[in-house]
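Here the structure comes first, spelled out in structure tokens, and everything after it is commentary.
Just so we're clear, the structure is a prediction, and the values are computed from it rather than from any experiment. Proteins get letters first, then strands, A, B, ... in listed order; numbering begins at 1 in each.
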Protein chains: 2
Amino acid sequence: MKKEDSKVTIYDVAAAAGVSKSTVSRYLGGRFHEISPKTQKKIEHVIQQLNYRPNNLARGLKGNRSYLIGAIVADITNPYTTAILRGAEDVCKQHGYSLLICNSDNQPSKEREYISMLQSHQIDGVFVQTTGGNQAFLQELSRNGETPIVLVDRKIPELSFDTVGIDNHHAVLQAVSYLLKQGYERIAYFTEPVQEISPRRERYVAFLEALQIENEEHQSLNDIYELDVHDKDLLDSQLAAFLADSKGQARAILTANSVVALKLILSIKEKGLQIPKDIALMSFDNPSWAAAIESGITTMVQPTYQIGSTVAELILKRINGEQTAVQTVAYQTRLFERGSTPKV
Amino acid sequence: MKKEDSKVTIYDVAAAAGVSKSTVSRYLGGRFHEISPKTQKKIEHVIQQLNYRPNNLARGLKGNRSYLIGAIVADITNPYTTAILRGAEDVCKQHGYSLLICNSDNQPSKEREYISMLQSHQIDGVFVQTTGGNQAFLQELSRNGETPIVLVDRKIPELSFDTVGIDNHHAVLQAVSYLLKQGYERIAYFTEPVQEISPRRERYVAFLEALQIENEEHQSLNDIYELDVHDKDLLDSQLAAFLADSKGQARAILTANSVVALKLILSIKEKGLQIPKDIALMSFDNPSWAAAIESGITTMVQPTYQIGSTVAELILKRINGEQTAVQTVAYQTRLFERGSTPKV
DNA sequence: TTGTAAGCGTTATCAA
DNA sequence: TTGATAACGCTTACAA
């Protein structure tokens with residue numbers, strides 16, 4: 001009944017079925033036309049009996065495939081991230097792949113360590129929401145192991161990797177245009193440090209451009225605030241500065257993501273102000289709580305699940321040898337209007 | 001300069017350094033006292049030069065270690081889950097282990113498939129927030145491969161696995177006692193279907209008990225509502241039922257987790273009611289948005305990060321052969337008072 | 001201190 | 001339709 005030796009191998013199956021390893025291997029590989037129906041039945045039965053599971057390590061060593069895909073994300077506790085992972089996971093599972101998930105915390109050094117680790121595990125592909133600090137390592141990973149790499153959310157212009165994200169430029173234009181149309185005279189943009197992170201930069205640039213296009217009077221650089229979500233004092237003072245400067249105007253804030261939005265909401269409430277009466281608010285991303293705060297927070301929705309599944313599909317295609325040209329997929333966003341941005 | 005052959009192996013390093021594979025292997029294993037300083041330097045240099053990374057598949061095949069730990073969670077998009085993963089990840093990384101993350105969606109069939117998959121990957125250990133439907137599979141995994149298994153959040157009484165979670169009984173007593181002390185006459189408990197999921201059952205039982213202990217008048221079974229977070233109509237009608245039944249009383253709702261809380265908040269708002277004026281609210285877990293809704297939602301905080309890191313530590317201990325008795329770690333929770341449960 | 005050789009569990013190439 | 005046998009990249013006796 002119960003095998004007491006710990007691991008049952010292909011050899012045990014072969015012995016029990018009275019055939020050779022090769023035949024069992026053929027069975028495992030699904031090459032049934034090379035096996036007589038009788039032995040096939042027998043092997044099937046023995047595998048059940050022994051509860052045999054092929055060893056992926058051995059399989060990978062021989063076949064140069066690990067059936068592992070790496071995922072390096074900036075912050076796994078961000079709902080944007082998990083939604084993407086969810087999409088990727090479904091596709092991977094469907095194709096027999098598993099996800100090795102790594103959290104870079106936006107630190108290039110951690111990202112680098114994880115790249116190494118993933119390389120050791122012989123991952124068949126990887127997608128990374130990059131800190132931007134490891135171009136050489138990524139390039140080497142891609143070149144040396146021919147490992148397909150897909151960038152999510154954040155581009156690296158210098159490297160030609162498949163990239164999946166949104167049309168940031170268009171999204172910001174749409175957001176600003178909407179806010180202006182709602183009648184806001186003064187619009188600020190609150191973002192995490194722009195640095196060299198592409199979506200942040202694209203949104204930043206687009207924001208400036210949007211104001212210029214839409215309304216000549218808004219050509220002020222001062223309405224962009226870079227903040228660290230962990231530095232509450234800085235956030236508070238920046239909010240205060242904007243409030244002071246826009247006194248008496250119909251004003252709105254656009255935030256670069258939901259984490260910034262949440263911090264800002266707390267700060268606004270602490271100041272005893274109300275959304276949208278005292279200040280309107282709109283945010284990128286569409287966290288679950290967006291509908292539940294005040295009369296709802298208007299958001300710019302990214303198709304996160306689809307981004308994730310597209311990423312996985314691209315990787316799998318490359319793994320399976322498809323040689324299409326490097327591509328960038330930019331999804332359109334959707335403006336979800338809620339109570340935080342009423343007409344003034 | 002640039003090796004054009006894709007993978008550089010231990011053999012390449014050996015050749016380039018003019019030594020044998022064994023010597024390089026000794027270097028990799030950190031057994032420096034068995035190598036002359038000169039060759040050590042040489043190997044070190046060559047490894048740098050060639051950018052060599054040991055192949056984990058080969059290493060694992062030989063040494064019977066994959067340096068992989070599996071994580072089967074119910075829902076990766078739940079902030080409770082990601083906080084735990086975050087804790088586990090930090091510990092794993094520190095010890096050279098990587099996390100293979102699997103999302104069961106609370107479906108036993110998916111959980112089962114993932115158990116198989118993880119087994120194939122020869123994971124060195126696994127932690128699972130189990131659906132409860134795969135006891136036989138878990139037991140077999142544990143027995144057959146001697147793979148350490150740790151249960152998170154949810155127990156399986158029949159199986160003797162290390163388990164990490166919170167003291168649900170105490171937490172509920174504490175919550176109910178607090179609400180009563182705040183002056184609420186009528187307290188309802190909203191939970192996802194209790195089924196055989198241990199924390200749900202424990203909280204359920206504790207809730208009944210708490211009412212009996214604290215206040216004889218509350219001995220009504222009717223104030224427990226089981227709902228499916230995807231069935232909005234059901235939730236709406238259950239809320240309506242409780243509201244109708246408790247008309248005129250000072251009333252509060254305790255929710256079993258933050259997902260339920262959020263759905264409930266939406267439903268309450270839709271009905272045009274206010275928190276806490278019309279109804280008080282308190283929830284298990286402490287999602288980031290708890291502070292931002294209305295005057296804040298009072299929560300029962302679980303030490304999620306610590307739960308995650310404890311889980312990983314337990315697994316690693318077992319992997320490293322520590323033979324301590326099976327243990328259950330139950331952390332205490334902390335009541336975080338906010339505006340949703342004022343004194344009446 | 002170093003090298004040789006066997007073996008980990010597979011798959012793939014050959015013969016039979 | 002099957003079965004030997006040689007890899008895959010590494011670790012680990014055992015020799016030298």
Legend entry - Spacing of A/N56 atom CG relative to C/dT11 atom C1', expressed in whole Å: 13 Å
Inset, instruction - Ignoring backbone atoms, test whether A/S25 places a side-chain nitrogen or oxygen under 4.0 Å from the OP1 or OP2 oxygen of C/dT11. - result: yes
Inset, instruction - Let me know, please, whether B/V19 or B/L61 comes out on the 5' side of the other along DNA chain C by nearest nucleotide. - result: B/V19
Legend entry - Length of the line joining B/I10:CD1 and C/dT2:C1', which is rounded to integer Å: 14 Å
Inset, instruction - Give me the ring orientation class for B/Y67 and B/Y97: parallel if the planes are under 30° apart, tilted from 30 to 60°, perpendicular past 60°. - result: tilted
Legend entry - Closest-nucleotide ordering on DNA chain C, the 5'-leading residue of A/L57 and B/H33: B/H33
Legend entry - Non-neighbouring partners of B/E113 that pass salt bridge (charged side-chain N to carboxylate O under 4.0 Å, His left out), sequence neighbours left out: A/K93
Inset, instruction - Determine whether any donor atom in the side chain of A/K21 lies under 3.5 Å from an acceptor atom in the base of C/dT10, or the reverse, and answer yes or no. - result: yes
Inset, instruction - Could you pull out all residues at least two apart from A/T81 that satisfy side chain to side chain donor-acceptor pair (under 3.5 Å)? - result: none
Inset, instruction - Would you indicate what B/S22 reaches in the nucleic acid, counting non-hydrogen atoms under 4.0 angstrom: base, sugar-phosphate, or nothing? - result: base
Legend entry - Residue B/K62, side-chain heavy atoms: nucleotide from C/dT11, C/dA12, C/dG7 that is nearest: C/dG7
Legend entry - Short side-chain N/O contact from A/Y11 to OP1 or OP2 of C/dT11, under 4.0 Å: no
Inset, instruction - Report the residues that fulfil side chain to side chain donor-acceptor pair (under 3.5 Å) with B/E158, sequence neighbours left out, ordered by chain and then residue number. - result: B/Q135
Legend entry - Test: B/R86 and A/D105 ion pair at under 4.0 Å: yes
Legend entry - Span of DNA chain D in contact with chain B (heavy atoms, under 4.0 Å): D/dG9 to D/dT12
Inset, instruction - Please state how far atom CD in A/Q122 lies from atom P in C/dT10, giving the value in whole angstrom units. - result: 18 Å
Inset, instruction - Tell me yes or no: between the side chains of A/E111 and A/T130, is some donor less than 3.5 Å from an acceptor? - result: yes
Legend entry - Within residues 37-61 of chain A or reaching into it, pairs that qualify as salt bridge (charged side-chain N to carboxylate O under 4.0 Å, His left out) - sequence neighbours excluded: none
Inset, instruction - Identify, with sequence neighbours excluded, every residue that meets salt bridge (charged side-chain N to carboxylate O under 4.0 Å, His left out) alongside B/D75. - result: none
Legend entry - Whole angstrom value for the distance that separates P of C/dC8 from CZ of A/R59: 19 Å
Legend entry - side chain to side chain contact (heavy atoms under 4.5 Å, CB included) partners of A/A74, counting only residues at least two apart: A/S104, A/N106, A/Q129, A/R154
Inset, instruction - Remember a base hit wins even if backbone is also touched, and classify A/Y52 as base, sugar-phosphate or nothing at under 4.0 Å, heavy atoms. - result: sugar-phosphate
Legend entry - Residues which pass side chain to side chain donor-acceptor pair (under 3.5 Å) with B/K155, listed by chain and number, not counting sequence neighbours: B/E202
Inset, instruction - Could you tell me the separation between the CZ atom of B/R65 and the P atom of C/dG9, rounded to a whole number of Å? - result: 16 Å
Below 3.5 Å between N/O atoms, which protein atoms pair up with nucleotides 14-16 of chain C? Just atom names and distances, please.
none

Legend entry - Pairs touching residues 15-36 of chain A that satisfy salt bridge (charged side-chain N to carboxylate O under 4.0 Å, His left out), sequence neighbours left out: A/R31-A/E34
Inset, instruction - Report the end-to-end axis angle of the helix from C/dT1-D/dA16 to C/dA16-D/dT1; each axis comes from five terminal pairs, and the value is rounded to 10°. - result: 40°
Legend entry - side chain to side chain contact (heavy atoms under 4.5 Å, CB included) partners of B/A16, counting only residues at least two apart: B/V46, B/L50
